[in-house]
Amino acid sequence: MNLFSDIRTLVISCLEAMVRTGVLPEGLDFAQVAVEPPRDAAHGDMATNAAMVLAKPAGQKPREIADALAALLQADPRIAAAEVAGPGFLNLRLAPSVWHGIIDAALGAGLGFGRSDMGQGLRVNVEFVSANPTGPMHVGHVRGAVVGDALCNLLAFAGYDVTREYYINDGGAQVDVLARSAYERYREAHGLSPEIAEGLYPGEYLIEVGEALKAEFGAQFLEQPESVWLEQVRNFATARMMVMIREDLAALGVTMDVYASEKALYGTGEIEAAIEQLRGQGLIYQGVLEPPKGKTPEDWEPREQTLFRSTAHGDDVDRPIMKSDGSWTYFAPDIAYHYNKIKRDFDLLIDIFGADHGGYVKRMKAAVSALSGGRVPLDIKLIQLVKLYKNGEPFKMSKRAGTFVTLRDVVEEVGADVTRFVMLTRKNDATLDFDFDKVLEQSKDNPVFYVQYANARAASVLRKARDLGLDISDAALAKAELAQLDHEAELALMRKLAEWPRIVELAARTQEPHRVAAYLSELAAEFHGLWNRGNDLPALRFVQEGDMATTAAKLALVRATGVAISAGLAILGVTPVEEMR
RNA sequence: GCACCCGUAGCUCAGCUGGAUAGAGCGCUGCCCUCCGAAGGCAGAGGUCAGGGGUUCGAAUCCCUUCGGGUGCGCCA
């Protein structure tokens with residue numbers, strides 16, 4: 001149930017009635033008519049811009065339209081008052097019973113409260129994380145993982161059919177480097193001293209891979225040329241890295257549906273097929289690129305390459321797909337991979353990249369546009385940097401200084417729930433400060449604590465009521481006499497609850513899970529506010545000893561709030577707590 | 001040089017994809033706990049929405065432009 005779309009439907013039907021009776025001319029477009037919560041609560045419960053939007057096309061004054069619309073709307077039992085204000089806004093005040101309905105909806109739906117069918121089962125593929133399989137996940141990967149996972153939860157909640165996918169970059173030079181690094185650790189496991197040359201991965205996490213290589217292959221690779229062992233060591237090491245990465249992701253609460261391998265695209269003809277598809281459109285040619293202006297590499301020399309005419313689909317320059325030695329660039333398998341996703345019949349593709357990959361957005365979109373004939377949209381979300389702070393001081397990650405921060409470090413220090421929530425408090429294209437101390441602070445300026453505390457308070461009130469002998473099951477609370485909830489402070493909380501289904505759709509449409517976190521903070525503030533009003537006005541306290549009927553109604557509101565918070569936290573992938581420690 | 005992102009209160013940031021007097025937290029000022037719901041609450045000060053132009057009944061939001069910050073820019077992934 002979404003009250004705002006319900007009332008919008010009502011407004012539209014009134015407008016259509018006005019067209020039928022000749023009050024409005026025919027042929028008007030109502031698409032721009034919106035029903036929204038007003039910025040200032042004093043203006044009422046909802047506001048519509050209908051009169052202002054239609055004034056010009058209808059050739060009438062906004063206030064005339066608004067007056068006529070108000071008269072019609074007031075005939076509906078849900079509308080308690082409709083007033084024209086300002087330049088032509090129509091402010092609506094709803095009957096209290098309408099708000100009580102939101103409590104029924106929450107109690108009835110439980111964790112499904114706010115679920116939407118907006119997505120209509122459209123198939124969405126979300127590719128995220130896709131960290132190179134050369135080491136454990138570090139803090140730089142965390143935000144992308146959390147945002148991607150929460151976005152998937154959100155889209156699923158809004159009625160999309162979501163596939164979570166991880167693209168394993170196991171086809172390039174970096175996995176050869178991994179193999180050579182692991183080989184040195186393999187030698188180390190045999191009692192030889194490893195030679196970690198410049199450019200190899202020095203991380204100690206490879207020591208156990210060396211041990212495992214020894215257990216698997218014994219001494220057969222010792223003193224052998226690379227050509228003998230490279231492929232087997234590479235396959236072994238990347239497999240181990242992927243196990244580690246899956247465990248890292250699991251520690252964050254992220255589970256992928258599909259792990260797609262870059263290497264698996266080679267030798268199957270998939271890359272060639274994708275390129276041929278482009279060639280058939282005249283988008284592949286041999287050519288020479290201009291040197292980049294202002295920052296010409298010293299060793300620049302004109303070179304003929306195989307290029308993809310990405311400029312035909314909105315890119316700034318054409319892009320090479322083949323190196324001078326005839327092997328594919330990174331871009332070629334990436335094109336094939338996206339072609340593969342298109343052929344798997346997704347309606348929408350979403351890629352989540354680190355901000356440093358911003359330069360690939362246009363070419364990737366160009367490729368998908370060309371390969372799908374413009375049918376499949378590709379949205380790319382760039383995740384900005386996370387700045388780390390400790391004791392209020394920024395600290396930089398450095399392998400040399402030993403301040404390399406892994407995903408595990410973060411999760412072990414502050415917990416997966418706190419990590420996830422904090423990573424979702426900012427929109428993805430803004431940098432985010434992560435202070436190891438502040439995120440654990442138990443105070444009002446820590447949104448994680450504030451939201452969790454609201455949920456715990458709600459649970460605590462219900463526990464108290466249960467100890468007094470009340471039946472606090474949702475079924476029992478649903479029968480409460482909600483008409484008693486008529487105080488302005490209580491109505492304000494109900495209004496906030498009514499926004500939840502709307503927030504879900506808004507966040508899903510804009511693909512911005514941080515809106516859920518922001519909403520939860522607002523809802524928590526409203527709930528804490530009502531609680532605090534109980535200090536001055538005992539009548540607003542939730543448990544009214546000696547008046548079980550009133551208490552039941554108030555508890556229904558409390559429970560509905562807890563349900564909304566829990567449903568929201570579920571989208572963020574955060575466990576709601578019932579008790580503060 | 002070009003492309004993308006960002007610029008909102010002293011600080012950190014929201015701002016509903018064009019609506020009414022631009023919001024929150026922190027910080028600051030002033031009140032409020034012998035007890036009953038203060039890990040808090042109430043009130044107040046604080047803004048050229050980076051600057052300029054445009055579209056519109058209406059702009060922080062859309063377009064153009066200037067300035068400032070970040071990221072990226074052929075044979076790395």
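First the proteins, then the strands, lettered A, B, ... as listed; each starts at 1.
Taking the six-membered ring for Trp and the full ring otherwise, A:F434 and A:F436 have centroids separated by under 6.0 Å. Annotation: A:F542 is in aromatic contact with A:F527 [ring centroid separation under 6.0 Å].
Nearest-nucleotide positions on RNA chain B place A:R533 closer to the 5' end than the other of A:R533 and A:D325. Place A:L289 and A:R363 on RNA chain B by their nearest nucleotides, and A:L289 ends up nearer the 5' end.
Straight-line distance between the C1' atoms of B:G47 and B:A9: roughly 6 Å, to the nearest whole Å. Rounded to a whole angstrom, the distance from the C1' atom of B:C31 to that of B:A38 is 15 Å. Nucleotides B:G68 and B:A50 are separated by 8 Å at their C1' atoms, to the nearest Å. Straight-line distance between the P atoms of B:G44 and B:A22: roughly 16 Å, to the nearest whole Å. Comparing B:A45 with B:C5, their C1' atoms sit 35 Å apart, to the nearest whole Å. A distance of about 26 Å separates the C1' atoms of B:U65 and B:G19, rounded to the whole Å. Here, B:U55 and B:G1 have their P atoms 30 Å apart, quoted to the whole Å. Using atom P as the reference point in both B:U12 and B:U21, the two lie 29 Å apart (nearest Å).
The interatomic distance linking A:I65 (CD1) with B:C57 (C1') rounds to 12 Å, in whole Å. Rounded to whole angstrom, the span from the CZ atom of A:F434 across to the P atom of B:U12 amounts to 19 Å. In this structure, A:N428 places its CG atom 18 Å from P of B:U71, rounding to the nearest Å. Note: NZ (A:K387) to P (B:C6) measures 15 Å, nearest angstrom. Nucleotide B:C5 holds its C1' atom 7 Å from the CG atom of A:D429, rounded to whole Å. If you measure from atom CG of A:D379 to atom C1' of B:C5, you get 16 Å, rounded to the nearest angstrom. If you measure from atom CG of A:D536 to atom P of B:C36, you get 14 Å, rounded to the nearest angstrom. Across the protein-nucleic acid pair, A:I380 atom CD1 and B:C5 atom P stand 12 Å apart, rounded to whole Å.
Across all strands shown, B:C2 pairs with B:G72; the Watson-Crick or G-U wobble distances both stay below 3.5 Å. Using the Watson-Crick or G-U wobble rule with both distances under 3.5 Å, B:A39 pairs with nothing in any strand shown. Nucleotide B:U17 is matched to nothing when pairs are restricted to Watson-Crick or G-U wobble geometry with both distances under 3.5 angstrom. As the counterpart of B:C49, no nucleotide is assigned, since no Watson-Crick or G-U wobble pattern has both distances under 3.5 Å. Both distances falling under 3.5 Å, in either a Watson-Crick or a G-U wobble arrangement, place B:G44 opposite B:C28. For B:G7, the paired base is B:C67 (Watson-Crick or G-U wobble, both distances below 3.5 Å).
A:K61 approaches A:A55 most closely through the heavy-atom pair C-CB, 4.4 Å. Counting all heavy atoms, side chain and backbone alike, A:V317 lies closest to A:S310 at O-OG, 2.9 Å.
Residue pairs meeting the ring-ring contact (aromatic ring centres under 6.0 Å, His included) criterion with at least one partner in residues 305-336 of chain A, sequence neighbours excluded, are absent.
Side-chain atoms of A:E505 and A:S116 include a donor-acceptor pair closer than 3.5 Å. The closest side-chain donor-acceptor pair between A:D351 and A:H357, if any, does not fall under 3.5 angstrom.
Classification of the A:H528-A:Y453 ring pair by plane angle, with boundaries at 30° and 60°, yields tilted.
Against the 90° criterion about 0, the sugar-base torsion of B:C33 places it in the syn range.
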Would you give a per-nucleotide map of nucleotides 13-32 of chain B, 5' to 3', where B means the base has a protein non-hydrogen atom under 4.0 Å away, S means only the sugar-phosphate does, and - means neither? SSSBS-BB-S--SS------

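Here A:F542 lies in heavy-atom contact (under 4.0 Å) with a base.
Distance from the side chain of A:P320 is smallest for B:G74 among the nucleotides B:C4, B:G74, B:C75. Residue A:D356 places its side chain closer to B:U71 than to any other of B:C57, B:U71, B:G74.
The shortest distance between side-chain heavy atoms of A:M423 and A:V386 falls below 4.5 Å.
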